[in-house]
Amino acid sequence: MKFLKNFATESHRRDTEKNSVKFCEILWLILFFCQLLFAQQSPDLYFNTARDKYVGGDFVGAASDIKESKQLGKNDEEIKTLSAQVATSFFTAACEKYTAGDLFGAVNYFEAGLELKDDQSAKDIFGLCLSEIVYKFYSQKKDYQAAIPYLEKLTALFPADEEYKKMYETAKRNIIRGVEALPGVAPKKDTKQIEQLFELMETRLQKQEKLLSGYSAEQQQLVGRIIDNARKEKDEFLSQIKSEIENENKKTKNIFVFSTSAAVGFVIFITFFLVFLLARYLKSGSSVIVFSNRKNAMETLSKTAKRLKMSDAKKEEKIIDAEPLSEKMALSIIEKEMFANHSPISDTPAAEGILNSFLESKNSDIAAKAAVSLYNYNPEKALTVLEKLLSESDEQKRLAAVRALGEIASSVAINMLLSNLSGAGKSVQRETIKMLRNIMVMKKSDITDELQKKIKNTLYSMKDTWIIE
Amino acid sequence: MAKKIILVSDDVEETLELLKYSLEIAGYSVITAKNGEEALKQSQELRPDLIILDIVMPKIDGYTVNSKLKESEKTKDIPVVISTTRGLMSKMFSTDGKTKIDGFLEKPYTVEDLWSKVKEILEDGLWSKDK
């Protein structure tokens with residue numbers, strides 16, 4: 001029984017303790033929530049967190065808490081000072097954004113700053129920044145509709161400003177004509193009205209410039225930059241618009257002329273194309289040979305010669321009258337084929353037959369080049385040709401012969417060069433010295449000591465008048 | 001009017017003598033350098049009115065001398081004439097088209113060619129104004 005009584009007493013004590021603990025917990029929670037509720041609603045607490053956020057660099061958070069604190073009734077010097085500080089930070093950030101080219105970012109910061117502090121100079125700069133955005137929409141993006149909200153911001157910022165109001169109304173009424181057109185359809189541009197708007201902007205910007213005297217150096221710099229940019233944008237845009245309109249007019253006027261010209265041009269093109277095809281066909285013989293192999297060289301050469309009509313009586317006339325470039329090309333191709341693998345082909349009469357045609361060329365360079373090739377088959381004949389060229393009155397022919405003799409560089413050729421020096425004109429002399437000097441440098445081992453000495457002595461004898469080495 | 005000074009640089013003694021003699025006859029004061037190093041030193045010290053450089057020279061070649069002259073504040077405005085053969089000249093053009101070269105004398109050339117080029121640069125051209 002006693003045990004039961006004790007048990008009952010103990011159980012009651014435990015229940016009482018449990019209930020007591022529960023009550024305390026509930027009370028503590030109620031107190032906690034009350035504290036939270038009242039603390040959150042305290043303007044001072046908002047102010048304190050705003051100050052902490054400002055110190056920590058969170059200006060947006062600070063601005064939000066300042067707003068809350070003001071709404072809860074805090075309006076003392078303390079919060080005014082903090083507001084001004086945060087606003088200044090926003091204005092600085094706005095300037096930085098502007099400098100970085102982020103105009104829209106600058107707008108956000110200006111707006112945030114002006115919510116905290118009514119600063120006239122910041123307003124003025126913000127107004128200019130908005131003006132520049134309007135210009136950008138007009139000139140770069142051609143998005144007239146998008147410019148309207150920024151003009152609205154301007155009118156809200158300066159409600160008493162008649163000029164901004166006029167600008168906004170002008171834009172709404174006149175410039176945005178056609179803006180409601182289907183997406184992708186460009187609105188009509190009214191140059192006169194746009195020009196008027198820009199004139200208004202210009203007047204406004206000039207006024208703003210006068211305000212500069214009251215600004216700090218940094219602000220003045222920023223305003224100056226905005227004004228410059230705005231003017232530049234204006235000029236570019238106007239000239240672009242004007243040129244677009246002029247072009248459109250020109251296009252319309254010239255459409256008939258263009259069509260007619262195109263038709264005439266087409267006929268001329270077709271005619272030239274047919275003439276080109278015909279000329280190409282006539283000259284085509286010289287290009288095929290390059291692709292033939294050495295085994296069939298002579299066969300191909302003969303075919304080419306036939307194509308070029310070199311085997312009949314008309315061949316010389318044909319080749320000599322040919323255009324120098326194609327003649328040169330033909331000789332070059334034939335030479336390549338003849339001296340493939342660095343050794344001349346064995347069919348001497350055939351080779352001579354082909355080269356003969358080129359020896360009589362009116363172009364002295366081609367004749368001399370052909371003589372160099374001929375030297376491999378018939379040296380005597382080649383040197384006779386060159387000797388004849390060397391005695392010509394035409395300087396170009398003599399120069400070509402000197403170059404060819406220098407390339408051949410046999411003992412006979414060298415002696416011809418040496419005897420040519422005296423009495424030759426200055427250009428021929430210069431070319432001969434060059435050839436002799438080259439022979440002494442490049443082909444010294446191919447010539448006898450006696451000939452080397454002869455060249456040296458000759459060149460030495462000229463050293464009083466010529467700088468050779 | 002003071003005589004204009006021309007620096008001639010060539011490793012071939014006879015050429016150097018001929019150039020010196022020919023230019024002195026024409027009324028110029030001539031200083032000579034037998035190699036590129038000497039040419040650079042003389043140019044810095046004496047600042048001549050014109051420099052005639054051979055390309056193939058011992059120690060420093062004429063092309064490098066020209067580049068160094070054009071790099072230096074002291075000598076960058078002195079006109080330089082390169083005296084060379086055609087082969088070397090074209091090689092030089094292909095290696096560096098940026099380096100300024102004021103004139104060429106292609107070997108072989110006569111004394112008259114030399115006078116004409118010098119006159120062209122010192123008396124008729126951009127550098128004709130007296131210092």
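Residue numbering restarts at 1 for every chain, and letters A, B, ... go by the order of the sequence lines. The figures here come from the full heavy-atom set of this structure, side chains too, leaving out hydrogens, waters and symmetry mates.
Between B:Pro108 and A:Lys434, the shortest heavy-atom contact is CD-CG, 3.4 Å.
Other residues, nucleotides and ligands place more than 12 heavy atoms under 6.0 Å from the NZ atom of A:Lys443. Shown here is A:Lys456, whose NZ atom has no more than 12 heavy atoms of other residues, nucleotides or ligands within 6.0 Å.
The OG1 atom of B:Thr110 sits 11.0 Å away from the CD1 atom of A:Ile468 when rounded to the nearest 0.5 Å.
When the side-chain hydrogen bond (donor to acceptor under 3.5 Å, both in side chains) test is applied to A:Glu395, no partner is found at least two apart in sequence or on another chain. Not counting sequence neighbours, the partners of A:Glu407 by the side chain to side chain contact (heavy atoms under 4.5 Å, CB included) test are A:Val372.
For residues 9-28 of chain B, a heavy-atom distance under 4.5 Å to chain A picks out B:Asp10, B:Val12, B:Glu14, B:Thr15, B:Leu18, B:Leu19, given by residue number.
For residues 413-422 of chain A, there are no salt bridge (charged side-chain N to carboxylate O under 4.0 Å, His left out) pairs, not counting sequence neighbours.
For A:Arg430 (side chain) and B:Lys107 (main-chain N/O), no donor-acceptor pair under 3.5 Å exists by modelled atom type.
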